[in-house]
Amino acid sequence: MEYENNLILVEKPADKVALITLNNPPLNLVTLELSRELKETLFRLEQDDEVRVVVLTGSGEKAFCVGSDVKEFPQVWDDVIGKKLQKENEVFNAIEFLDKPVIAAMEGNVCGGGYEMAMACDLRILSESGRIAQPEINLGVFPGSGGIFRLPKLVGASKAMEMMFLGEFIDAEDCLRLGLVNRLAPAGKTVSAALDLAERIAHKPFEAIKLIKKGVREIGMVSSDKCFYKNLEFSRSIFKTEDCKEGVDAFLGKRSPQFR
């Protein structure tokens with residue numbers, strides 16, 4: 001182990017490659033502390049000249065990450081945007097704007113903020129038994145940590161809206177077909193597949209790799225920094241709704257929500 005915090009582990013398993021593991025099993029929920037530690041880790045890796053490619057994964061095989069820890073919402077309800085959602089957006093942006101390629105190695109379920117985190121990565125590998133969803137609609141909200149602007153870039157506006165309207169899981173083969181992921185790997189083998197890909201990329205001309213990433217983000221797409229504050233503005237509106245309060249309360253109470 002090269003270095004670690006409580007919820008983020010970092011190794012260097014191959015030449016010029018770093019492996020980040022979200023260490024919050026079984027679901028690897030995004031907590032306030034995990035966001036803080038991940039952002040700190042990304043800053044350190046940005047400065048690490050020994051690292052050219054980063055692989056991001058979650059501990060265990062049940063889930064890469066299923067998103068934000070909803071149990072934290074009550075403690076930040078007076079300012080859920082400033083105290084929680086903005087911090088998630090900042091760390092996901094830090095993934096996207098890292099000047100080194102980031103590959104998500106995803107086992108099991110990937111949903112909500114977990115897939116928003118994966119979308120901030122440059123490449124995504126999913127296990128053949130994995131599934132992806134943006135189920136925020138079932139809490140009375142929307143994917144407020146980047147999904148609303150990153151998902152349409154991957155699958156087009158119409159399919160993105162269908163996914164966000166329904167909040168249903170999509171199986172691995174359809175994820176590959178739709179472009180939600182780049183590749184599939186056998187269950188339990190996503191990290192090894194990602195490391196193999198990372199090593200191949202790491203030995204390409206590094207300055208060219210960095211400019212390819214920068215160019216695609218800044219020229220080929222609307223830059224995420226232009227979407228950042230508009231996304232938070234939308235979130236401030238949605239978190240004031242009664243349906244949002246009902247969705248979160250129903251989730252915490254393990255009952256079906258009664259939306260108005």
Side-chain angles (χ1 to χ4, degrees), residues 1-5 7-23 34-59 64-65 88-107 110 114-127 145-146 149-151 153-154 176 179-185 189-228:
M1 198 68 60
E2 292 292 330
Y3 49 87
E4 62 181 283
N5 293 308
L7 297 173
I8 300 295
L9 309 179
V10 180
E11 302 170 84
K12 294 179 180 175
D15 185 35
K16 300 180 176 63
V17 176
L19 173 64
I20 300 175
T21 301
L22 308 176
N23 187 36
L34 186 143
S35 293
R36 186 193 68 78
E37 291 184 15
L38 181 54
K39 188 175 181 181
E40 176 185 287
T41 297
L42 291 166
F43 177 78
R44 293 168 71 177
L45 289 174
E46 183 81 80
Q47 311 303 314
D48 192 337
D49 292 335
E50 294 181 359
V51 174
R52 292 188 174 185
V53 184
V54 176
V55 173
L56 176 63
T57 193
S59 60
F64 165 72
C65 174
E88 289 182 13
N89 274 268
E90 287 172 351
V91 73
F92 294 173
N93 269 19
I95 295 171
E96 178 173 344
F97 291 110
L98 195 74
D99 69 352
K100 305 168 184 184
V102 183
I103 303 171
M106 306 180 292
E107 295 284 345
V110 188
Y115 189 60
E116 289 178 293
M117 184 189 302
M119 282 189 283
C121 298
D122 303 294
L123 303 173
R124 287 158 291 280
I125 298 176
L126 179 67
S127 69
S145 291
F149 57 86
R150 288 192 176 103
L151 187 56
K153 295 174 185 176
L154 294 179
L176 180 63
L180 292 167
V181 299
N182 296 82
R183 301 181 180 191
L184 301 180
K189 300 294 184 181
T190 60
V191 171
S192 59
L195 289 175
D196 177 70
L197 182 59
E199 284 189 83
R200 291 161 60 191
I201 295 171
H203 289 87
K204 300 292 185 181
F206 189 43
E207 291 303 314
I209 290 290
K210 290 192 293 184
L211 285 174
I212 288 169
K213 175 169 180 172
K214 183 179 178 67
V216 169
R217 295 294 178 191
E218 295 185 7
I219 301 171
M221 300 180 183
V222 176
S223 179
S224 292
D225 58 355
K226 290 180 169 46
C227 304
F228 185 84

With Lys189 via side-chain hydrogen bond (donor to acceptor under 3.5 Å, both in side chains) - residues at least two apart: none
Test item: Ile103 and Val54 side chains (from C-beta on) under 4.5 Å apart, heavy atoms: no
Spatial distance of atom CD1 (Ile8) from atom CG (Leu38) [nearest 0.5 Å]: 4.5 Å
Close side-chain approach of Val51 to Lys12, heavy-atom, < 4.5 Å: yes
Residue pair Val91 / Lys39: nearest heavy atoms and the distance that separates them: CG2-N, 3.4 Å
Distance in Å, Lys214 NZ paired with Leu211 CG, rounded so as to fall on 0.5 Å steps: 8.0 Å
Contact summary for Ser127 and Leu184, nearest pair of heavy atoms: O-CD2, 4.5 Å
Nearest heavy-atom neighbours spanning Ile209 and Pro101: CG2-CG, 3.3 Å
Derivation of the side-chain contact (heavy atoms from CB on, under 4.5 Å) call for Leu56 and Leu22: CA-CA 8 Å; Leu56 176 63; Leu22 308 176; 4.0 Å; yes
Rounded distance (nearest 0.5 Å) linking atom CZ of Phe97 with atom CG of Leu42: 13.0 Å
Heavy-atom closest contact (Val55 atom, Ala105 atom, distance): CG1-CB, 4.1 Å
Salt-bridge present (Lys213, Asp122; N to O < 4.0 Å): yes
Sidechain-backbone polar pair: Lys100 side chain, Leu45 backbone, donor-acceptor under 3.5 Å: yes
Side chain Asn182, main chain Ile125, donor-acceptor under 3.5 Å: no
Pairwise side-chain contact, Leu180 with Val110, heavy-atom cut-off 4.5 Å (strictly under): no
Side chain Tyr115, main chain Leu151, donor-acceptor under 3.5 Å: no
Verdict with supporting geometry, Leu19 and Val191, side-chain contact (heavy atoms from CB on, under 4.5 Å): CA-CA 9 Å; Leu19 173 64; Val191 171; 4.2 Å; yes
Check: Val17 main-chain N/O paired with Arg52 side-chain donor or acceptor under 3.5 Å: no
Pairwise distance CD1(Ile95) to CE(Met117) - rounded to 0.5 angstrom: 5.5 Å
Any residue meeting side-chain hydrogen bond (donor to acceptor under 3.5 Å, both in side chains) with Glu116, in chain and number order, not counting sequence neighbours: none
Worked check of side-chain contact (heavy atoms from CB on, under 4.5 Å) between Leu197 and Arg183: CA-CA 10 Å; Leu197 182 59; Arg183 301 181 180 191; 3.9 Å; yes
Pair Glu88-Ser35, side-chain donor/acceptor within less than 3.5 Å: no
Spacing of CZ belonging to Arg150 relative to CZ belonging to Phe92, to within rounding of 0.5 Å: 8.5 Å
Contacts of type side-chain hydrogen bond (donor to acceptor under 3.5 Å, both in side chains), residue Thr21, not counting sequence neighbours: none
Atom pair CD1/SG of Ile20 and Cys121 - distance to nearest 0.5 Å: 8.5 Å
Side chain Glu107, main chain Phe64, donor-acceptor under 3.5 Å: no
Stepwise side-chain contact (heavy atoms from CB on, under 4.5 Å) test for Lys210 and Phe206: CA-CA 6 Å; Lys210 290 192 293 184; Phe206 189 43; 3.7 Å; yes
Side chain proximity check, Asp15 to His203, heavy atoms < 4.5 angstrom: yes
Side-chain ion pair, Glu199 and Lys16, N-O less than 4.0 Å: no
